[in-house]
Structures are given as C-alpha cells and as structure tokens.
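All remarks here apply to the structure that follows.
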There are 2 protein chains.
Amino acid sequence: MNQPKQTKKTTIYDLAELAGTSASAVSAVLNGNWKKRRISSQLAEKITRLAEEQGYALNMQASLLRREKSKIIGMIVPKYDNRYFGSIVEAFETMARERGLFPIITCTRRDPELEIEAARAMLSYQVEWLVATGATDPDRITDICAASGVRSLNLDLPGSRAPSVISDNFAGARELTRRILSNCQRKVGRVEPLLFVGGRGTDHNTSERVRGFRAAHADMGMTVNDNHILTCGYAPEKAEIALQALAQAEGNLTRGMFVNSTISFEGVMRWIKRSHHYDGRPPIMGCFDWDPFAAMLGDDIEMVRQDVPGMLNAVFNIIDHGSSKIERIQIPPLFLGQS
Amino acid sequence: MNQPKQTKKTTIYDLAELAGTSASAVSAVLNGNWKKRRISSQLAEKITRLAEEQGYALNMQASLLRREKSKIIGMIVPKYDNRYFGSIVEAFETMARERGLFPIITCTRRDPELEIEAARAMLSYQVEWLVATGATDPDRITDICAASGVRSLNLDLPGSRAPSVISDNFAGARELTRRILSNCQRKVGRVEPLLFVGGRGTDHNTSERVRGFRAAHADMGMTVNDNHILTCGYAPEKAEIALQALAQAEGNLTRGMFVNSTISFEGVMRWIKRSHHYDGRPPIMGCFDWDPFAAMLGDDIEMVRQDVPGMLNAVFNIIDHGSSKIERIQIPPLFLGQS
DNA sequence: CAAGCTTGCTCAATCGATGAAGCAACAATT
DNA sequence: AATTGTTGCTTCATCGATTGAGCAAGCTTG
C-alpha cells in the first residue's frame, strides 16, 4: 500500500489530478450518484480505487455547506449517571443512525446556562432537529431553535411550544404507589400513608408523580400530609438531608416510601444504612425508575421502568413525519414485576 | 422584538446589508477580532445588536471550512450502561469545553464494525483528535486516523500505535484480590482461592487483572485453578451461564469471588439470587469497578474505583501538549474503603 | 450527409465565513 | 507642500464539495 503519511488531507482535487480527471467527476463517483451523472464505470472504479489508496475522507464541512440538508440531529441530556438517560442516549444514537442521520449529543449536567449554550452550539452545527431531554427550560430552547428555523422536540420533561414525549407520570406513579401500599399490607399487615422523596417540586414530572401518589392514597381512603412530600431535588445528598431532617422532626418515619428517581434512591439507601433508622424492619420501597442493582437491594423493591424504546419510537415518529404539531405524547411506563 | 420566523437562516451577508456595511466587517465583529481589524466600536455595537435581533447563528460548517483548526474532538465509547463509562463521557465533555473544544461522542455498543464506521464519520467531521475508549481494535482506529493526519489516543484499553491511558489493572487487581482474601479470613476464618468472573480473556485489561489476581494468590502461597478463571465476556447473561455451568460441574463454588466489571457483577448477583447457591452464607465479593447500588448489596463488597479524573487529566495532558509519543500511562485505581 | 440523440465528461458558480491586501480620508511630521 | 502614518473600512480569493449547464465525440435516423 502507498498510504501517504501527510498532514494535509487528500481532497477531491488531489484525486482528480491523480486520476487525470475533474473534481466534479470524483465528487460524483464518491457520493454515489455517478450513474445519474453518466460517469463510465471504468472511471468510477479507478477513482474509487485511488480514493481508497490515498485514504481519502470526505470533508463533511465542505459537503454540508453546499448541501441543503445537514442530516445532523442533536440531543441534549442532563446526566449520564443513571440507566434511564444512558439507555435514552444509546437508543437515540442507534435509531438516528438507522435513518442515515448523524447524532450529536451533549450532556448539560442539569445546568440551565449550559443547556442554552449547548443548544446554540448545535444550531451552529446546522442540526436539523434538536431533542431536548429533561431540560430545565424547554421552551427557551424551542424559541432559540425556532429563531433559526430548526425544529425541536422535548423528551422526558414537556414544554409548551414544541411536541413533547414523556412518560405517563401520573398513571405510573399511581400504580407504583398502589403496589407499594399493597406490599405494605402484605408484609406489615396494615397500610399507612407513604413518604415521597426526591425530585424538584417545580418540574412537571415530579408534580404529576405527586398527583398520582396522592390519587393512589385517595383510592384507599387516605390523605398524605404535605410535609411527607420531600421534593428536595434529585441529588443523593439532598435526599439524605431531607430524610435526616424529617426523622429529627418526627421521630419515626413512615414504613413505606416512594422515591422519585434512582439518583435520589441512592441517597435514601445511604441514609437508611447510615442512620440505622430502619434496622430490623426494612422499609417498603418503590422507585420511579429502574436500576438493576437497586432492584436487588431488598426483597421486593418496586421499580417502574420508563419505556425508553416506546418513547424514542414516538420521538422518531414525529421526526420521520416532520410533524411539528404541539402535542404531548404520554408513554405508559412498564412494570416488570408480577403483582 | 422583530424575530423573523424565516426558514432561511440569517448569514453575515444579510446582516451586512441591514447594517449597510460589508460581510467582512460583520465577520470580524462577530468572531471577536474586530479590534485587530480596526472596526469602530460604533459599527461593532450596531452589528452585534442586529445579529441578536435577527437571531443570527454562525454557520460552523462554513467557518470550519475556512479555518485551519476545527476545534472538534471526538470520542468513541462502548456503552452507557455503567457508571464508569458514564463518568468518562461527562468528564471528557467538561474538560473539552473548558479548552474551547467541541466534543462529539459516539457509542459503539462494543461492535467492531461500528467502531470503524464511527471513526470514519468523525474524520469526515474534521476532528483534531480521536479518543478511542475501550475499543476492540484500537490499532485499526489509530491507522485510520493516521491516514488522515489525525492524532488519536486510547483510553481504558491500550493500543500499540498511539498513546494509551489505562488503569493500572495489575496492581488494582492484586490489591482488590488481597482485600477479598483478607475479608475471607476475617469473616470465614480461613482463606481459599477465589473465583474470577467476567471479561474477555483476549483483552488487555482482563488479562492484566487475571495476572494481578494470580499474583495476590501467589503472595499468600496459593495457586488458582485454570477453570476458576471464568473470562466469559462482559454481558450479565454470560456470567450467569458460566457460574451455572461451574456450579453444575463442581457442586460447590468458592466462598470468594473477583468480578471483573459491574456489568458482569449484575449477572453474578442475578445468578446468586436465582440459584440460592449461597443462601445463608453469602459470598465474599469484590468487583473491579464501582457502582453505588452494587456497593450496598452486601456488608463489605470491595469495589475498585477507576480514577476517571486522573485518567482524563492524563488524556488532556497529552492533547494540550500535542505529544504523540507512544507510551502507556497507567493510572492507579482508587480504593475508597478503609481496610 | 445533415440533424438530432446519447455518452462521458468538464466548467464554473455556489454554499458562508475568513483574512490578507488594498484604498480612501484624514492627521501628523518634516 | 510633500511625505508618512493612522483609522476604518471594502474587495476578493479561498476553503472543499456539489451540481446545473455546456460541450465534444460518436452514434443513429431519415
């Protein structure tokens, strides 16, 4: 092989010169529409061979500049520290590639400033669509995209100015709560209201889950005390602090708990271990979100699994059909256990 | 505000016309070197205001085509289903952005074909560096990059033709093994050789860890039977099957286990629960890699935490100084427990 | 044999941003 | 008055790929 270890990259002009032909012909051959452009297959073969020999790689910047569509699709995602967002990203990449789209993904660490900055960066890269996952201010992102004529879409957390695909948080939380209460009945012999831990009271998902949580209690003729709704944020430490404070204030905590995310669950479990509050009579738990190890932490910790493939099918359905109808699609979450 | 809801994007030519000036002046103002180009601050202000009003966004493709450096840095990563790779990606993004680089990351799902395809795609996007994380064939990627004059770097799994930053797998595994054996002594009252579960026997990390595993046994005057090294792959199911097979063959499994990754650990724990093999006398476990929930699964499951910040510091140290020296940098992993 | 068609290419404009070179207007210096 | 310097711009070529338009050579048809 004759691979030049050059610094300068090979362009179609270099190949044209080597092949004794024009850049135009090279371009046509390499981007596959040489039949349309009536290039002979001999020349096509020669050019293809040369391109391979020279290790030619298309300059996407130049190509995209000329073309009308970029085929780039962007996603912003808050964190990579849990299975839920991890599987969203994996599925997104796979499904984008299946459609010949190039996915670019950025993690914004729940930082509103970074979300905006990342969205702007993606617009500069000429994304055709931007999927804002779990964004703190989805409408702001929609506006920024709209100003550049780029369509956007909310995932996980809904916005009001672009289509949104989210879990059915109300129904999911209601069923999860029902299951935890039923486990309480089965294991402790009686039911009493549960504690709700984690999430931001201001975000849509959390408030819907609180609503479902209350509804499930109401279904069984119970009401939940407001100070048993600990929407203290997602971070593990915040859950720990909130539990500690409540335990101090009330002496005894409830037997059952609804935890609003695996990341909060981490803090809850840490506090339980550290405080020895539940030693000898483990709490009856449920978590909105799934993690394989968390699921193994107790005999039957109920875990709702959000339907990531279902959600991404809905996302790409919108993208495939170009619909920008501002609707909110709610995907029922999955309960893998028996009960 | 006068935001045009146009489809066509605003360019510097549009702004130039609106401002009654030239595209060149607009460009100079918007990319910040208008002082160097002696543009008056009045004009600069006017252009800045117009750009904001019109929702102007730079066309990166055009800009990059013209400039010599792309400031894009690529990373390929196998999976998003564990904390280790998740934190690598988060740290990589953060550190890249701190340096004014634009990170693009692609998940290749441990698929060798996809790794190559992804590398090629990144070259087309003119990345300046490509970090191949946990690649199955790092040298192939190095070669592809070299053919385009792009520097590359291996992370997590080493290659022979580019600088590599990896954990000190040998020392880490030796210390982890020592700790598991010491836990055995403390809890069971005697030590016996451990079982090694997970990973691919062919990959560098696994073979180094096996070496460390054997060394720790040798340190205590023990040898490990070859059929107690179950390098059955990383997937949870594979670990389950391997354990099942060994249990069937030998009747009784060892008291202690060294598990080679959290993802294999998942399979191990699943099998332990399902088979009831260890009911009543839980195994003494250690895992090369850390997961917060997995760590809570037993009284003292030893978990080695790979030093992700340390590794990425090493990566960016190479990038910052442009060194392409082919060296293998080994970062000691962290032991957070007391022992 | 002229007119028209097909084949197999080349030419040149274009996408949007960049920056070297140049130029007009005015000020300062000799 | 002539020279030199400074300020504040504009002009234009360029990056690499794409594509409509065009053109020469050969072939077909009436």
So which protein N/O to nucleotides 24-26 of chain D N/O distances come out below 3.5 Å?
none

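- Taken over five-pair windows at either terminus, the axes of the helix from C:dC1-D:dG30 to C:dT30-D:dA1 are inclined to one another by 60° (rounded to 10 degrees).
- For A:Ser164 (side chain) and A:Gly159 (main-chain N/O), a donor-acceptor pair under 3.5 Å exists by modelled atom type.
- A donor-acceptor contact under 3.5 angstrom links the side chains of B:Gln306 and B:Tyr84, judged on distance only.
- Counting only distance, with no hydrogens or angles, the side chain of B:Glu128 and the backbone of B:Lys71 share a donor-acceptor pair below 3.5 Å.
- DNA chain C lies under 4.0 Å from no heavy atom of any residue of residues 43-51 of chain B.
- B:Asp139 and B:Ser160 share a side-chain donor-acceptor pair at under 3.5 Å.
- Counting only residues at least two apart or in different chains, salt bridge (Lys or Arg N to Asp or Glu O under 4.0 Å) contacts with residues 98-112 of chain B comprise B:Arg99-B:Asp320.
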Readout for nucleotides 14-19 of chain C: B = base within 4.0 Å of protein heavy atom, S = sugar-phosphate only, - = neither; 5' to 3' it is BBBBBB
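- The nearest heavy atom of DNA chain C to A:Thr21 and to A:Arg38 marks one nucleotide each, and the one closer to the 5' end goes with A:Arg38.
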*Are A:Arg97 and A:Glu93 close enough, and set up right, to give a salt bridge (Lys or Arg N to Asp or Glu O under 4.0 Å), and what steps lead you there?*
CA-CA 6 Å; A:Arg97 251 190 282 276; A:Glu93 284 195 19; 3.0 Å; yes
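- Looking only at atom types and distance, the side chain of A:Gln330 has no donor-acceptor partner in the side chain of A:Ser167 under 3.5 Å away.
- Put simply, CD1 on B:Ile39 is 9 Å from C1' on D:dT10, counting in whole angstrom units.
- Atom C1' of nucleotide C:dG8 and atom NZ of A:Lys35 are separated by 15 Å, given to the nearest angstrom.
- Here the C1' atom of nucleotide D:dT19 and the CG atom of A:Leu64 are 16 Å apart, to the nearest Å.
- Within the 3.5 Å criterion, the main-chain N or O of A:Ala23 finds no donor-acceptor partner in the side chain of A:Ser27.
- Checking A:Tyr234 against A:Asp203 by side-chain atom types alone, a donor-acceptor pair falls below 3.5 Å.
- A salt bridge links B:Glu53 to B:Arg49: at least one charged side-chain nitrogen sits closer than 4.0 Å to a carboxylate oxygen.
- A straight line from NZ of A:Lys36 to P of C:dG8 spans 17 Å, rounded to a whole angstrom.
- From A:Arg66, atom CZ reaches atom CG of A:Leu64 across 12.5 Å, with rounding to the nearest 0.5 Å.
- Of the residues in residues 121-128 of chain B, none has a non-hydrogen atom less than 4.0 angstrom from any atom of DNA chain D.
- Here the closest non-hydrogen pair linking B:Pro138 and B:Leu157 is CG-O, 4.4 Å.
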